[in-house]
Amino acid sequence: MDSTTFSNEVDSGTFSIATFNATVSKITECLPDFNTKAEEVASAVAKLLTNPLIRGWVADKVNWAMQKIREAVTALFNKVTELLQGHVAPLLMFSRGRSWSHDVHAPMQDLKVAVAEDQLIDQDSWDGEGYRAYKKAVKDQSEAAGSVGNIGNSMHTNLSACAVAGGVFYVAVLGVVIDTIVELTAAAGVSATGAGAPVGLAGTALSLGKALGLLVALVGAVSAFLFAEQQIINNMLNALDSFPGNQWPNATKG
């Protein structure tokens, strides 16, 4: 999966905590089957090699394919195990995204409205130099609140997108895990086909190698997406530059 395809899936997806947890649980549940199925293939191959017809170069091909299968299964098992270690990240990003929305965006939007000029004491209730000075002093408070609210909304959007990316990533990993188990199950069966076993087992080894390559490609795709989102988030750190003195406007200035 390339970066463009990955980004398109993220753009069209949503994040569900229940679905994400179920996906990770399924990966964890299926992972031990790698070794179990690999041993089934090894047992079938060992039985195959007792066949008097499997001798010479044919036996060499079978042994070569079995070795490649073992290497691929070990590499896949280790890679998936490594990837599972980061499964909490999408959950944290989703949670923090909601926090930016609920704890920053919403209250700042309320504050923006509350201190807007049309919400202040009107001239019919207060007039003169004090009234004009007050309006001048607090004029930029509403704009400042709106700016912070926009930051909260942007952070929510970007962190939510990162969470969705994590969800898409682990669904794809689950697909690789399931395909690997299917391939190994088929390999155990093909080992009983006699002369056709070398070709079938070599095909299994090739497919498992492609599965490992797909995992690497998935890591590259999610990394590229998250890097782009990180750049956007980092740019928000400069948002206070739009405030006078790089800080919240002083409401008591003269």
If you compare all heavy atoms of [X] against all heavy atoms of [Y], which two are closest, and at what distance to 0.1 Å?
X	Y	value
Ala211	Thr180	CB-OG1, 4.2 Å
Pro90	Phe20	CG-CZ, 3.7 Å
Ala188	Ala44	O-CB, 3.6 Å
Cys30	Val177	CB-CG1, 3.6 Å
Ala65	Ala202	CB-N, 3.8 Å
Thr81	Phe77	OG1-O, 2.7 Å

ask   = Backbone N or O of Asn21 within a donor-acceptor pair of the Tyr170 side chain at under 3.5 Å?
value = no

query = Are the side chain of Ser160 and the backbone N or O of Thr157 linked by a donor-acceptor pair below 3.5 Å?
reply = no

Can you tell me how far apart [atom1] ([X]) and [atom2] ([Y]) are? Round to the nearest 0.5 Å.
X	Y	atom1	atom2	answer
Thr74	Lys79	OG1	NZ	15.0 Å
Asn51	Lys47	CG	NZ	10.5 Å
His87	Thr28	NE2	OG1	7.0 Å
Met66	Leu201	CE	CG	7.5 Å
Asp33	Glu39	CG	CD	13.0 Å

inquiry  = Is there a side-chain contact between Met108 and Lys112 in this structure, where contact means two heavy atoms from C-beta onward sitting under 4.5 Å apart?
reply    = no

request  = For residues Glu183 and Leu208, determine if any side-chain heavy atom of one lies less than 4.5 Å from a side-chain heavy atom of the other.
outcome  = yes

Report all side-chain donor-acceptor pairs from residues 91-106 shorter than 3.5 Å, counting only partners two or more places apart or in another chain.
{"unit_1": "Ser99", "atom_1": "OG", "unit_2": "Asp103", "atom_2": "OD2", "d": "2.9"}
{"unit_1": "His105", "atom_1": "ND1", "unit_2": "Gly149", "atom_2": "O", "d": "2.9"}

message = Pair Leu49, Asn63 - check side chain to side chain contact (heavy atoms under 4.5 Å, CB included), show working.
response = CA-CA 9 Å; Leu49 292 174; Asn63 283 319; 3.3 Å; yes

Hey, any chance [X] and [Y] share a hydrophobic cluster, counting ILVMFWY side chains that come within less than 4.5 Å of each other, even indirectly?
X	Y	value
Val88	Val80	no
Trp64	Leu48	no
Leu76	Ile178	yes
Leu31	Leu212	yes
Val171	Leu174	no

Residues 213-233 side chain polar contacts: donor-acceptor under 3.5 Å, at least two apart:
{"unit_1": "Ser223", "atom_1": "OG", "unit_2": "Val219", "atom_2": "O", "d": "2.7"}
{"unit_1": "Glu229", "atom_1": "OE1", "unit_2": "Asn158", "atom_2": "ND2", "d": "2.6"}

message = Working note: Val113 + Gln109, criterion side chain to side chain contact (heavy atoms under 4.5 Å, CB included); need CA distance, chi angles, decisive distance, verdict.
response = CA-CA 6 Å; Val113 173; Gln109 288 302 107; 6.0 Å; no

